[in-house]
Protein chains: 2
Amino acid sequence: MDEKPIIENLSIDCVIFGFDEGKLKALLIKRNTDPCKGMMSLPGGFVYVDEDLIHAPARRLHDLTGLKDVFLREIGVFGKIDRYPLRRVITIGYYALIKISDYNIHVGEDAQEVQWVSVNELPELPFDHAEIFDEALIKLRKHVRYEPIGYNLLPEKFTITQLQTLYEAILNKQIDNRNFRKKLAKIGFLNDLKEKQKNVSHRAANLYSFDKVKYETLVEKGYTFDF
Amino acid sequence: MDEKPIIENLSIDCVIFGFDEGKLKALLIKRNTDPCKGMMSLPGGFVYVDEDLIHAPARRLHDLTGLKDVFLREIGVFGKIDRYPLRRVITIGYYALIKISDYNIHVGEDAQEVQWVSVNELPELPFDHAEIFDEALIKLRKHVRYEPIGYNLLPEKFTITQLQTLYEAILNKQIDNRNFRKKLAKIGFLNDLKEKQKNVSHRAANLYSFDKVKYETLVEKGYTFDF
DNA sequence: TCAAAAGTGTTGTCGCTACACCCATGT
DNA sequence: ACATGGGTGTAGCGACAACACTTTTGA
C-alpha cells in the first residue's frame with residue numbers, strides 16, 4: 001500500500017456505469033473495512049495532497065478495472081455535516097462510462113469483491129451513496145441528450161439497435177426505431193464500417209463506429225442532439 | 001473574528017450576479033491579504049468543520065450583503081494542484097442571484113471594498129477565478145433556459161420588458177418582443193398584478209410577479225422553457 | 001403634437017411523432 | 001418455410017422565427 005499524504009477531509013466516490021445484456025449497470029464493491037464493513041457501496045477513495053483532484057477518481061478506476069483514459073464526469077459535491085460517521089469528510093462524486101467488454105477484474109493488492117448490478121436493482125447503499133447514485137443517473141440522462149457520450153459504453157463496433165437499446169436503458173423509455181435511425185443519419189457522427197455482424201441467426205446488422213472528428217466539427221457548429 | 005476550526009484544504013468561492021442598468025453584473029471584492037493583495041477577486045472563504053458545506057457560501061453571502069435565503073447553485077469543483085499558491089486548496093464554486101435593489105453594503109467587521117462590475121468588463125482575476133467565473137456564466141445560461149430563475153435578479157414587481165432585457169443580458173442576444181410575450185403567456189407562471197408603472201414619461205407598463213405555485217405545478221407536469 | 005416605450009397577430013418553415021411492412025439470414 | 005431481428009418512407013401537427021403597426025402616456 002502507498003503511504004502518500006492524503007487530504008483528510010475530502011474524498012471521491014465513483015458511479016461506474018456499464019452496459020450489458022441490454023441493461024444499464026453499475027459497479028459496486030464490498031466494503032472491507034468499517035464502517036459498514038461487508039455492505040456493497042460505491043468505490044471511493046481519498047485524494048493525495050500532491051495530485052490533481054481529477055486524478056483521484058481516474059486512479060481509483062485504474063486500480064479497480066485496469067482501464068485508463070476512462071470517460072469521467074463530475075456529479076457534484078456532497079457535503080452534509082454527518083454524511084460520514086467517523087469524521088468530517090466532504091466527497092466529490094464522479095461518474096464513469098466504460099466498455100464492459102474491456103473490463104477485467106484487476107487482481108492487484110487492492111482486489112476486492114466487486115459486482116455489476118443493474119441500476120434498477122441496486123441494494124441499499126451506505127452513507128449518502130444512494131443520493132450520489134441518483135444524482136449520477138440524473139446527470140447521465142441530462143448529458144446523454146446533448147452529447148453522444150453513449151458510445152463510451154459500447155464496443156468499438158456496434159449496431160444501431162445496440163445503440164438504441166442503450167439509449168432506452170439510460171432514458172428508461174421506448175424509442176421509435178425509424179425515428180432513431182433518421183436522427184442518427186441526419187446528425188451523422190457514425191462511421192459506416194461496411195461490415196456485418198457474424199454468427200447471428202437472423203439478418204446480420206451493419207456495424208458502425210463513433211467518429212470523433214465528425215462530432216467535433218458538429219459541436220463547433222453548435223449542434224445539439226435529443227433522443 | 002471567529003476562531004472556529006476550518007477545513008484546511010477546502011474553500012468556497014462565489015460568483016454573485018446582479019442586474020442593474022440593463023446589465024448583468026458580478027460583485028467583486030478587493031483582497032486585503034496576500035497573495036494578490038489589492039486585486040479584485042471573487043469573494044470566497046473557508047468551510048467550518050462543523051457546518052454543512054452549502055452553509056459556507058450562504059454565510060459568506062450574508063456577511064457580504066446582509067441577505068439571507070439567497071438563490072445559490074453549485075458551479076463545480078476546482079482542484080488543480082497549483083491553483084492556490086500558499087498550500088493545497090480545492091475550492092467549490094457557487095453562483096448566487098440577488099436582487100441588486102435589496103443589496104446593501106454590509107458594514108461589519110468583515111467590511112471590504114466591493115464593486116459591482118459588468119460581466120463584459122471584468123478585470124483580471126487572481127488564481128483560477130477567471131475559470132470559475134466563466135463556468136458560472138455557462139451554468140447560469142444553461143439553467144436559465146430550463147428554469148425561470150431570472151426573477152431572482154429582479155425586484156418583486158417587474159415589467160415584461162425588464163424580464164426580456166434581463167434574458168438578453170444573460171444570453172447575450174436579442175430576443176423578439178412579441179415571441180417573448182407569447183411564450184410567457186403560454187407558459188403562464190407570471191401573476192398579472194393589475195398595476196402599472198408610475199412616473200414614467202411614456203405609456204406605463206403592466207407589472208407582474210413570479211408565481212412560485214404555478215411554476216411548481218408546471219414542473220410536475222414536466223414542462224421545459226427555452227428563450 | 002411629439003417622443004418613447006407598451007402592446008398585439010399572422011404566416012411559413014422545420015422538426016418531431018406516429019405508424020406498418022418487406023428484407024436478409026440461419027435453423 | 002419459418003422465426004428473428006434489420007431496415008425503410010410518409011403524412012399531419014405543433015412549435016418556433018420572422019416581421020410592422022397602433023396605443024398609451026407624460027412632457
Side-chain angles (χ1 to χ4, degrees), chain A residues 19 21-23 144-146 148 154-155 157-169 171-209 218 221-227, chain B residues 19 21-23 144-146 148 154-155 157-169 171-209 218 221-227:
Chain A
F19 182 62
E21 303 168 322
K23 286 179 176 176
V144 94
R145 294 170 68 93
Y146 300 108
L154 294 176
K157 304 176 178 186
F158 52 85
T159 68
I160 303 277
T161 303
Q162 280 177 301
L163 189 59
Q164 179 177 340
T165 311
L166 171 62
Y167 273 88
E168 290 179 337
L171 301 175
N172 200 26
K173 69 170 188 185
Q174 296 290 107
I175 300 175
D176 180 274
N177 179 253
R178 276 171 294 191
N179 293 337
F180 187 75
R181 284 168 189 274
K182 262 181 295 178
K183 225 170 285 187
L184 286 175
K186 192 179 47 155
I187 296 170
F189 48 64
L190 292 189
N191 277 326
D192 183 343
L193 296 173
K194 316 274 186 195
E195 266 183 83
K196 302 273 177 200
Q197 281 182 312
K198 297 201 167 146
N199 303 318
V200 289
S201 72
H202 53 76
R203 176 171 174 180
N206 207 340
L207 291 169
Y208 295 85
S209 67
L218 289 173
K221 290 183 198 153
Y223 254 81
T224 66
F225 321 94
D226 190 351
F227 292 98
Chain B
F19 182 63
E21 300 168 326
K23 287 178 176 177
V144 93
R145 294 170 68 92
Y146 300 109
L154 294 176
K157 303 176 178 187
F158 53 85
T159 69
I160 302 275
T161 304
Q162 279 177 300
L163 189 60
Q164 179 177 342
T165 312
L166 171 62
Y167 273 89
E168 289 177 337
L171 301 175
N172 200 26
K173 68 170 191 186
Q174 297 289 106
I175 300 175
D176 181 275
N177 179 253
R178 277 170 292 189
N179 294 337
F180 188 76
R181 285 169 188 274
K182 260 180 296 179
K183 225 169 286 187
L184 286 175
K186 191 177 46 149
I187 296 170
F189 48 64
L190 293 188
N191 277 326
D192 184 343
L193 295 173
K194 316 273 184 196
E195 268 182 80
K196 303 271 178 203
Q197 280 181 311
K198 297 204 166 143
N199 304 319
V200 289
S201 72
H202 53 76
R203 178 171 173 180
N206 207 338
L207 291 169
Y208 295 84
S209 66
L218 289 174
K221 289 183 197 152
Y223 252 84
T224 67
F225 321 94
D226 190 351
F227 292 98

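Because the structure is a prediction, the values reported are computed rather than measured.
Of the candidate nucleotides C:dC23, C:dG15, C:dA5, C:dG15 has the atom nearest to the side chain of A:Lys186. Of all nucleotides listed (C:dT27, C:dA6, C:dA24), C:dA6 comes nearest to the side chain of B:Thr161.
For C:dG26, the OP1/OP2 oxygens have no side-chain nitrogen or oxygen of A:Lys198 closer than 4.0 Å. In terms of phosphate contacts, B:Lys196 brings no side-chain nitrogen or oxygen within less than 4.0 Å of OP1 or OP2 of C:dA6.
Annotation: of the two residues near DNA chain C, A:Asn177 and B:Ala205, the 5′-most nearest-nucleotide partner is B:Ala205. Along DNA chain C, the nucleotide nearest to B:Asp176 and the one nearest to A:Lys182 differ in position, and the one closer to the 5' end is contacted by B:Asp176.
Side-chain contact check for A:Arg181 versus A:Thr161: some heavy-atom pair is nearer than 4.5 Å. With a 4.5 Å cut-off on side-chain heavy atoms, A:Tyr208 and A:Leu154 do not count as touching.
Nucleotides of DNA chain D lying under 4.0 Å from heavy atoms of chain B occupy a range whose first and last members, 5' to 3', are D:dC16 to D:dA27.
Between the NZ atom of B:Lys183 and the P atom of C:dT8 there is a distance of 17 Å, rounded to whole Å.
Counting distance only, with no hydrogens placed and no angle test, the side-chain atoms of A:Arg178 and the base atoms of C:dA20 include a donor-acceptor pair under 3.5 Å.
Side-chain atoms of A:Asp176 come within 3.5 Å of backbone atoms of A:Arg178 as a donor-acceptor pair (strictly under, hydrogens ignored).
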